[in-house]
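Down below is the structure, laid out as structure tokens.
Each chain gets a letter, A, B and so on, in the order its sequence line appears, and its residues count up from 1.
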Protein chains: 2
Amino acid sequence: MPSYPQPIVTVDVVLLTLIDGELSTALVQREHAPHAGEWTLPGGWVHTDEDEDALAAAVRILKAKAGVTSPYLEQLQTFASRHRDNRGWSVSIAYYALLPHELVEGRAAAQVTPIATTPHIKWRGVDDIRSLPFDHLEILRTAVDRVRSKTLYSALPVHLMPQAFTLSELQRVYEQLLGGPLDKRGFRRRIEELDIIEPAPREPGTREAHRPAQHYRVKRRAARLLPTAPRNLDVKSA
Amino acid sequence: MPSYPQPIVTVDVVLLTLIDGELSTALVQREHAPHAGEWTLPGGWVHTDEDEDALAAAVRILKAKAGVTSPYLEQLQTFASRHRDNRGWSVSIAYYALLPHELVEGRAAAQVTPIATTPHIKWRGVDDIRSLPFDHLEILRTAVDRVRSKTLYSALPVHLMPQAFTLSELQRVYEQLLGGPLDKRGFRRRIEELDIIEPAPREPGTREAHRPAQHYRVKRRAARLLPTAPRNLDVKSA
DNA sequence: TTAATAGTGTCTGTCAGACACTATGTG
DNA sequence: CACATAGTGTCTGACAGACACTATTAA
């Protein structure tokens, strides 16, 4: 066993959702020093007595601090150094989670109070956040870069959508994340070949003065499946 | 501060090189229980008194256990659970490193004894390894998958090459990693546009009965730069 | 019929795969 | 010259970008 003082181990989660079309992250208010009262990413110690692994810790923390269950959740990166926390050498196993906005604060209740939720949580546009305690800004930036990067070649953003959504809505989300307009034809071609969504039964629907759109939902099988990166070098066909 | 027993924190490194064209990894012999005498990935505790961060710990461990300095080194993934080590809840911040074979056991000495090196280190082809203590096989597989995946769209394998190499040699490495023949023309087009290598001054050269090849070296600026993933969705030109 | 959004047909330039060709060294 | 490997020219099919067109609803 080690004779050195061991680092402190925490799990921090970048919880992302879309609020009014803007990519936003959950911040929670710290109760204890250091940085008591300040807003940080939801995080906490690993509970070695109840968490099976780091992912389980992330799930527990999301539930406890943000009141949210089981969205898309993936390990991001581990931040570990002597300087990131003034209590000493510390390790943060960082995760990022994507959440349909409708699930913020449980079910459709969010439709009524879309921004504020529990007393100690708030949502902020990721590009409006200029500083955070510890190295949480770096963690946030890393997560956002990852999401935007994966948007380029995967269907990751479907996990930000409500249970049923139209292709036009999905395209607007992509355009928001990528920062520019996309061609409708090309967008639909690509989404289709990613094969991650399927038509959903038409709902009674709001009556609007134009052609109603087909609704889609994430395929069950694909729900947690990450598309692999594209091959750019193909071995010759035999 | 946490009232729970804290996890044990280690750093493990998957050190990869090419031996006779085969992707191989370094294994070191454990001195202490558990698994004393068995071969595992080089790893060790984080030394909170001397390591600035996890990367520094990886560098130190590589030097101490494998006698190797400063190859390409990148964080892979963190493996953290109650079950991976029977001493209790443990965290492994895993790194992977790429090493030109000529640097194994320092300089060109490796040319003479290419396989065996120090008493407590050995090299094995990654596909020949069927089991390892702890979850080291999973860590190894994850690293190999990552390298092979990045080979598809980046110039990562140049870090496995000696200081100067020809495009034909590089292509053979790619073919080895990807498991099939590549078209010469397409391969050279792609490497060129990655813009990561530059012509090296011709060496006196071995006299062979055919046209000699241009030698290349990794560009200084690009030495540690990872190419970004390709964009497959382009925002419309304004 | 108009307005508005959903959804499709299709042209075209680009580019990767394929492969044949030329280049340059030694014996 | 032959031979072997290095390196390039170039054809072609596939496909992504672009954009115009049709479809479908309510007012």
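Rounded to an integer number of Å, the gap from B:Gln171 CD to D:dG7 C1' is 12 Å. Between the P atom of C:dG7 and the CD atom of A:Glu169 lies a distance of 10 Å, rounded to the nearest Å. Put simply, CZ on A:Arg190 is 20 Å from P on C:dG7, counting in whole angstrom units. A:Ile191 places its CD1 atom 15 Å from the C1' atom of C:dG7, with the value rounded to the nearest Å. Protein atom CZ of A:Arg207 is 18 Å distant from nucleotide atom P of C:dT5, rounded to whole Å. In this structure, the NZ atom of A:Lys184 is 14 Å from the P atom of D:dC21, given to the nearest Å. B:Phe187 places its CZ atom 12 Å from the P atom of D:dA6, with the value rounded to the nearest Å. Distance CG (B:Leu152) to P (C:dG17): 11 Å, rounded to an integer number of Å.
Nearest-nucleotide positions on DNA chain C for B:Glu208 and A:Thr166 put A:Thr166 closer to the 5' end.
Distances were taken from every side-chain heavy atom of A:His210 (C-beta onward) to each of D:dT24, C:dA4, D:dC19; the shortest belongs to C:dA4. Side chain of B:Arg189, nearest nucleotide from D:dT8, D:dT10, D:dA18: D:dT10. The listed nucleotides are C:dA6, D:dG7, C:dT26; the one nearest the side chain of B:Arg188 is D:dG7. Among the nucleotides C:dA6, D:dA6, D:dA18, the one closest to any side-chain atom of B:Ser168 is D:dA6. Which of D:dA16, C:dT26, D:dA6 sits closest to the side chain of B:Ala213 comes down to D:dA6. Looking at the side chain of B:Glu193, the nearest of the listed nucleotides D:dG7, C:dA16, C:dT5 is C:dA16.
With ring centers used as reference points, A:Tyr216 lies 6.0 Å or more from A:Phe165.
Nearest heavy-atom pair, B:Ala97 versus B:Leu62, reported as atom, atom and distance to 0.1 Å: CB-CD1, 4.0 Å. For the pair A:Pro100 and A:Thr17, the tightest heavy-atom approach, listed with the atom from each and the gap, is C-OG1, 3.6 Å.
Donor-acceptor pairing under 3.5 Å, judged by distance alone, is absent between the side chain of A:Arg185 and the base of D:dG17. Taking 3.5 Å as the limit, the base of C:dA23 and the side chain of B:Arg211 contain a donor-acceptor pair of atoms between them.
In this structure, B:Lys219 pairs ionically with B:Asp195, as a charged nitrogen and a carboxylate oxygen lie closer than 4.0 Å.
Counting only N and O atoms by type, the side chains of A:Tyr96 and A:Glu74 include a donor and acceptor under 3.5 Å apart.
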